[in-house]
Engineer: 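First, the structure itself, so that you have it in front of you.
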Amino acid sequence: MATIRIPTPLRAYTNGEVEITVSGDTVGAALQDLTRQHEQLRQHLYSDKGELRAFVNVFLGSDDMRHLSGEDTPIQASSRLRIVPSVAGGFR
């Protein structure tokens with residue numbers, strides 16, 4: 001089964017778990033399994049319309065899934081996914 005690495009700010013919604021084993025054969029299916037296991041994550045990852053939020057980046061290895069096939073990107077049991085929240089800011 002694939003694993004998803006959870007960033008520090010979201011670990012409060014996974015009981016402190018750093019990596020979570022998920023099932024599914026696509027990135028989207030894996031994320032759905034993740035939010036099934038940890039329901040509180042859903043509001044942080046998805047909009048009210050059920051779309052992955054723009055500031056949530058999901059990487060399969062070193063590739064941003066948006067540059068692959070998005071949530072339809074196939075994964076394997078050995079796949080390692082990472083959720084990387086965008087960081088905003090600037091100079092004043």
Engineer: Apart from F59 itself, what residues make up its hydrophobic cluster when side-chain heavy atoms of I, L, V, M, F, W and Y under 4.5 Å apart count as a link, directly or indirectly?
Structural biologist: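 Listed partners: V84.
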Engineer: With distance as the sole test, does R82 use its side chain to make a donor-acceptor pair with the main-chain N or O of G61 at under 3.5 Å?
Structural biologist: yes
Engineer: Tell me whether Q76 at atom CD has more than 12 heavy atoms from other residues, nucleotides or ligands lying less than 6.0 Å away.
Structural biologist: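 No, not enclosed.
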Engineer: When clusters are formed by joining ILVMFWY residues with side-chain heavy atoms under 4.5 Å apart, either directly or through shared neighbours, do L41 and F55 land in the same one?
Structural biologist: yes
Engineer: How far apart are the closest heavy atoms of A30 and L81, and which atoms are they?
Structural biologist: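 Nearest heavy atoms, A30 then L81: CB-CD1, 3.9 Å.
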Engineer: Quick one: are Q37 and I20 in side-chain contact, heavy atoms under 4.5 Å?
Structural biologist: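 With C-beta onward as the side chain, the pair touches.
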Engineer: What's the shortest heavy-atom distance between Q32 and Y46, and which atoms?
Structural biologist: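 Here Q32 and Y46 meet closest at NE2-OH, 3.3 Å.
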Engineer: Keeping D33 on the side-chain end and S23 on the backbone end, is there a donor-acceptor pair under 3.5 Å?
Structural biologist: yes
Engineer: Testing L10, L31, L45 one by one against V56 for a side chain to side chain contact (heavy atoms under 4.5 Å, CB included), which residue passes?
Structural biologist: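 Exactly one candidate clears the test, L45.
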Engineer: For D64, check side chain to side chain donor-acceptor pair (under 3.5 Å) against everything at least two apart and list the hits.
Structural biologist: none
Engineer: So, for N57 and S86, which heavy atoms are closest and what is the spacing to 0.1 Å?
Structural biologist: ND2-OG, 3.0 Å
Engineer: So, for A29 and G24, which heavy atoms are closest and what is the spacing to 0.1 Å?
Structural biologist: CB-CA, 3.8 Å
Engineer: Tell me which pairs pass ring-ring contact (aromatic ring centres under 6.0 Å, His included) where either residue lies in residues 17-37, with sequence neighbours left out.
Structural biologist: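 Not a single pair qualifies under ring-ring contact (aromatic ring centres under 6.0 Å, His included).
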Engineer: Grab the two heavy atoms, one from T14 and one from H38, that are nearest each other, plus how far apart they are.
Structural biologist: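 Shortest heavy-atom separation between T14 and H38 comes out as CA-ND1, 3.5 Å.
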Engineer: Can you list the steps and then say if I75 with T26 is a side chain to side chain contact (heavy atoms under 4.5 Å, CB included)?
Structural biologist: CA-CA 5 Å; I75 61 171; T26 64; 5.6 Å; no
Engineer: Does the side chain of I83 come within less than 4.5 Å of L34's, by heavy atoms?
Structural biologist: yes
Engineer: Is E17 close to R11 at the side-chain level, that is, under 4.5 Å between some pair of heavy atoms?
Structural biologist: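 They are not in side-chain contact.
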Engineer: Partners of E19 by side chain to side chain donor-acceptor pair (under 3.5 Å), sequence neighbours excluded?
Structural biologist: R80
Engineer: Suppose we screen for ring-ring contact (aromatic ring centres under 6.0 Å, His included). Which residues come up paired with H44, at least two apart in sequence or across chains?
Structural biologist: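 Checked H44 against ring-ring contact (aromatic ring centres under 6.0 Å, His included); matches are Y13.
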Engineer: Find out whether L60 and T73 are in side-chain contact, i.e. whether some heavy atom of one side chain is under 4.5 Å from a heavy atom of the other.
Structural biologist: yes
Engineer: Tell me, with the steps shown, if E71 and L52 meet side chain to side chain contact (heavy atoms under 4.5 Å, CB included).
Structural biologist: CA-CA 9 Å; E71 290 188 64; L52 195 61; 3.8 Å; yes
Engineer: Considering residues at least two apart in sequence or located in another chain, which fulfil the side chain to side chain donor-acceptor pair (under 3.5 Å) criterion with T35?
Structural biologist: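 So T35 forms a side chain to side chain donor-acceptor pair (under 3.5 Å) with R42.
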